[in-house]
Every structure is written in C-alpha cells, then in structure tokens.
Student: 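Below are the structure tokens for one structure; questions will follow.
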Amino acid sequence: TKKIKIIHFTEQETKQIENNALTLGAKFGASPFYLACAARTVQQILVERKISVTNFWIPVPQSTRKKGSLSPLVSNHISFLFYRITNAELTDLEQCVTSINNQMISQIRNGLPKAYMLLMSFLKRIPSSLYYQLIKGPQRNSLSSFLFTMAEEHPQDLLKFEGLQVINALSIPPNNFKPGLTFACIKFNNCLQLMVLSFDEILSGKEFTNLETQIKHELINGKSFNQ
C-alpha cells in the first residue's frame with residue numbers, strides 16, 4: 001500500500017533550517033543539508049533492523065529544462081547528479097553535508113549532467129530489455145538506495161489562479177518500487193514542505209513515525225538526533 005507524509009515547516013522554522021544548512025557548509029542552496037538528513041534517517045532505520053550499512057548511492061535530479069520559452073523545444077531534459085555517501089560520513093551530520101556539497105561541485109565542474117544526458121540519448125535508442133539490464137546493479141537490484149528531489153520554489157507571481165488565492169503547492173513525484181522510498185522538498189510562500197513517500201512493504205508504521213521525528217529534529221536543530 002502506498003503512503004505519503006507531508007511535513008510542514010513554518011516560515012520561522014524554514015529560516016532556521018536554511019541557516020543550519022549554511023552553518024554546516026551547504027554553499028549552493030540547502031539541498032545538501034536536506035539530503036544529508038534524509039540519508040541519516042534511512043541509515044538509522046537500517047541500524048535498528050540490524051542491517052549493516054556500507055554506502056548509500058543516491059541520484060538527485062538536476063533540472064535543465066527550459067522555462068518560459070515561446071518557441072518549440074528540441075529537448076527538455078532532467079539530468080542527474082549522483083551521490084555516494086559512506087557509512088563513516090553518515091555518522092556525522094556536518095561531515096555528510098560537506099561530502100555531498102563537494103561531490104556536487106566536482107560533478108558540475110566535470111560536466112557529469114551533460115554526459116548523463118548524452119548517455120540517456122543513447123540508451124533510448126536501444127531495446128528496452130537491454131536498457132533494463134544496463135541500469136541494474138551487479139546483483140540485478142536497483143542502484144538507488146532511495147530517491148530524493150528538490151523542487152524549485154513556487155513562484156511568487158503564481159499565488160493566484162483565476163482570481164482565487166492558491167493556498168498550497170506540493171511536489172509529489174513518482175515513487176518507484178524499488179527502492180520505494182522518496183523524499184521531495186518544495187518551498188511555498190516561504191515555508192518548506194517535505195513529502196515522504198513510501199510503501200507498507202518498505203517501512204512499517206512505527207518506522208515511518210520514527211523517520212518523521214528524526215528528520216524534523218535534525219533539520220530544525222542542525223544537530224544529530226542522537227546527540
């Protein structure tokens with residue numbers, strides 16, 4: 001069964017979260033901080049299950065889509081950045097943010113998003129059966145530990161529609177199974193909202209509640225939940 005939890009933060013809490021991101025070393029937006037908190041909550045669930053955690057492998061969409069164009073678009077892609085977070089980095093929130101931030105800079109400098117789009121252009125021309133073989137890991141499982149996406153802030157000039165006030169906006173992406181666990185962030189009216197999508201087969205009700213408690217604590221306080 002699919003399930004979704006929408007975690008709302010006030011404007012004051014959102015400002016505090018963004019300050020925490022800067023304090024912990026997130027230099028180009030707060031997304032490395034959000035991703036670090038999400039990864040640590042997933043790690044804690046696995047630890048409580050007595051499952052050994054070695055590394056997390058997380059693809060994060062990087063939108064290169066054209067916006068506001070009046071002419072036909074030849075291409076309109078979403079590329080990806082790929083993060084590898086080690087077990088050692090997951091033990092410390094600041095170290096985890098620093099690692100993600102450094103990987104982001106390195107991948108952009110080395111042109112990884114462009115190379116990824118070229119790869120996707122190639123893969124879409126091969127048979128689907130071969131495509132799915134190529135994107136699986138060595139054990140034939142998904143390469144993603146979980147999914148994470150950061151939507152752009154809802155534009156301030158779109159707070160009304162047909163004369164009516166827009167009271168909320170959410171980012172609810174597809175939640176693929178497996179891994180079957182997705183974190184999606186969006187800011188609306190200066191307030192952060194975090195959507196956590198899962199399945200009963202992936203997280204129990206108690207684990208879902210514990211995940212919410214930990215990620216809220218770490219985002220708002222900028223400190224490890226177990227400190």
Side-chain angles (χ1 to χ4, degrees), residues 1-10 13-14 17 30-61 78 80-87 89-91 93 96 100 128-129 131-151 154 167-188 191-221 224-226:
T1 304
K2 295 181 181 180
K3 53 188 175 183
I4 179 171
K5 175 67 181 181
I6 304 171
I7 305 174
H8 302 274
F9 297 93
T10 66
E13 288 173 334
T14 301
I17 290 168
S31 58
F33 177 49
Y34 302 154
L35 176 55
C37 291
R40 284 173 46 80
T41 60
V42 178
Q43 181 207 34
Q44 185 58 36
I45 289 169
L46 296 177
V47 167
E48 292 176 358
R49 291 181 181 180
K50 297 182 169 39
I51 296 175
S52 176
V53 180
T54 52
N55 301 309
F56 280 164
W57 179 250
I58 307 137
V60 176
I78 295 180
F80 283 85
L81 298 176
F82 297 88
Y83 297 99
R84 179 177 179 267
I85 309 177
T86 67
N87 190 42
E89 292 163 346
L90 285 164
T91 59
L93 186 54
C96 194
I100 295 168
S128 58
S129 57
Y131 170 82
Y132 285 109
Q133 289 180 28
L134 291 172
I135 63 171
K136 296 291 184 181
Q139 279 75 47
R140 319 314 303 154
N141 294 320
S142 170
L143 290 174
S144 303
S145 300
F146 60 87
L147 303 176
F148 175 90
T149 181
M150 178 74 195
H154 185 81
I167 61 174
N168 204 356
L170 301 173
S171 171
I172 305 179
N175 183 31
N176 297 325
F177 187 91
K178 297 181 175 177
L181 177 61
T182 297
F183 297 85
C185 303
I186 188 173
K187 276 182 67 179
F188 175 78
C191 295
L192 174 67
Q193 297 186 102
L194 171 63
M195 279 59 65
V196 185
L197 295 79
S198 183
F199 292 88
D200 289 335
E201 295 86 347
I202 300 298
L203 292 180
S204 69
K206 181 180 179 182
E207 288 173 334
F208 211 59
T209 300
N210 292 344
L211 180 151
E212 177 186 1
T213 300
Q214 179 174 336
I215 200 167
K216 285 177 67 175
H217 174 91
E218 296 200 351
L219 284 170
I220 293 173
N221 295 286
S224 299
F225 183 63
N226 51 11

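For this chain, numbers begin at 1 and follow the sequence in order.
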Student: Look up atom CG in L46 and atom CD1 in I51, then write down how far apart they are to the nearest 0.5 Å.
Tutor: 5.0 Å
Student: Check whether any side-chain heavy atom of L93 lies under 4.5 Å from a side-chain heavy atom of R40, and answer yes or no.
Tutor: yes
Student: Please find the pair of heavy atoms, one from E201 and one from T1, that lie closest to each other, and give the distance.
Tutor: OE1-N, 3.5 Å
Student: Please find the pair of heavy atoms, one from C191 and one from F9, that lie closest to each other, and give the distance.
Tutor: CB-O, 3.3 Å
Student: CG of N55 to OG of S145: how many Å apart, nearest 0.5 Å?
Tutor: 8.5 Å
Student: Check the pair F183 / F146 against ring-ring contact (aromatic ring centres under 6.0 Å, His included), numbers first and verdict last.
Tutor: CA-CA 8 Å; F183 297 85; F146 60 87; 5.4 Å; yes
Student: Should the pair K3 and F208 be classed as cation-pi, given the thresholds of under 6.0 Å to the six-membered ring centre and 45° from the axis?
Tutor: yes
Student: Does the plane of the ring in F225 sit parallel, tilted or perpendicular to the ring in H217? Use 30° and 60° as the thresholds.
Tutor: perpendicular
Student: Please report the interatomic distance CE(M195) to CD1(I4), rounded to the nearest 0.5 Å.
Tutor: 7.0 Å
Student: Please name the pair of heavy atoms, one in L90 and one in Q43, separated by the smallest distance, quoted to 0.1 Å.
Tutor: CB-NE2, 3.5 Å
Student: With heavy-atom distances below 4.5 Å as the criterion, would you say the side chains of V196 and L181 are in contact?
Tutor: yes
Student: Go through the steps for I7 and E212 under the test side-chain contact (heavy atoms from CB on, under 4.5 Å), then give the verdict.
Tutor: CA-CA 8 Å; I7 305 174; E212 177 186 1; 3.7 Å; yes
Student: Can you name the nearest heavy-atom pair linking L197 to P173, along with the distance?
Tutor: CD2-O, 3.4 Å
Student: Do you know the tightest heavy-atom contact between L219 and C37?
Tutor: CD2-SG, 3.8 Å
Student: What closest approach, in Å, do I6 and Q193 show between heavy atoms, and which atom pair accounts for it?
Tutor: CG2-OE1, 4.4 Å
